[in-house]
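Notes for the one structure printed next.
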Amino acid sequence: MAKQTPEKCKRCAPLSPVEARAKHPNCWDDKLCTARRFYINNRDRINQKRSRKRIETNHQVSAPDVKYGILHVWRENREDSPIHAKLARRLGGRAITIE
């Protein structure tokens, strides 16, 4: 989960940069505060744009053609017993015996 934005930054975001620097002189950091204030003020627009990208990307992906098989192996119920028979079953339900 993403780190929450501090409350003091949320209260400071609507102010102009000059007012914010005057109100919070010990807290103000040019690099951090400028980016954070921009994100807080434009969060809805940024998230909508990000969401639209995800939706467009998901619709362009085609589902791969998945094929699978099941392999059946029989042996006696002891450790050193050899494999007696094998059966491979494809997705269509047809069985193929392998010796």
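What you see below is based on every heavy atom in this structure, not just the backbone, and it leaves out hydrogens, waters and symmetry mates.
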(message) Treating Glu19 as the side-chain partner and Ser16 as the backbone partner, does any N or O pair qualify as donor plus acceptor under 3.5 Å?
(response) yes
(message) Looking at Asn77, I want to see if its CG is surrounded by more than 12 non-hydrogen atoms of other residues, nucleotides or ligands under 6.0 Å.
(response) no
(message) Under the rule for side chain to side chain contact (heavy atoms under 4.5 Å, CB included), what residues qualify as partners of Cys12, not counting sequence neighbours?
(response) Ala20, His24, Arg37
(message) My understanding is that only residues two or more places apart in sequence, or in another chain, count here; which of them pass side chain to side chain contact (heavy atoms under 4.5 Å, CB included) with Leu32?
(response) Asp29, Arg36
(request) Quick one: list whatever passes side chain to side chain contact (heavy atoms under 4.5 Å, CB included) with Glu7, sequence neighbours left out. (result) Lys10, Arg11
(message) Using the rule side-chain contact (heavy atoms from CB on, under 4.5 Å), only one of Asn41, Ile40, Ile46 pairs with Arg43; which is it?
(response) Ile40
(request) Verify, without hydrogens or angle tests, whether Thr34 (side chain) and Lys31 (backbone) share a donor-acceptor contact under 3.5 angstrom. (result) no
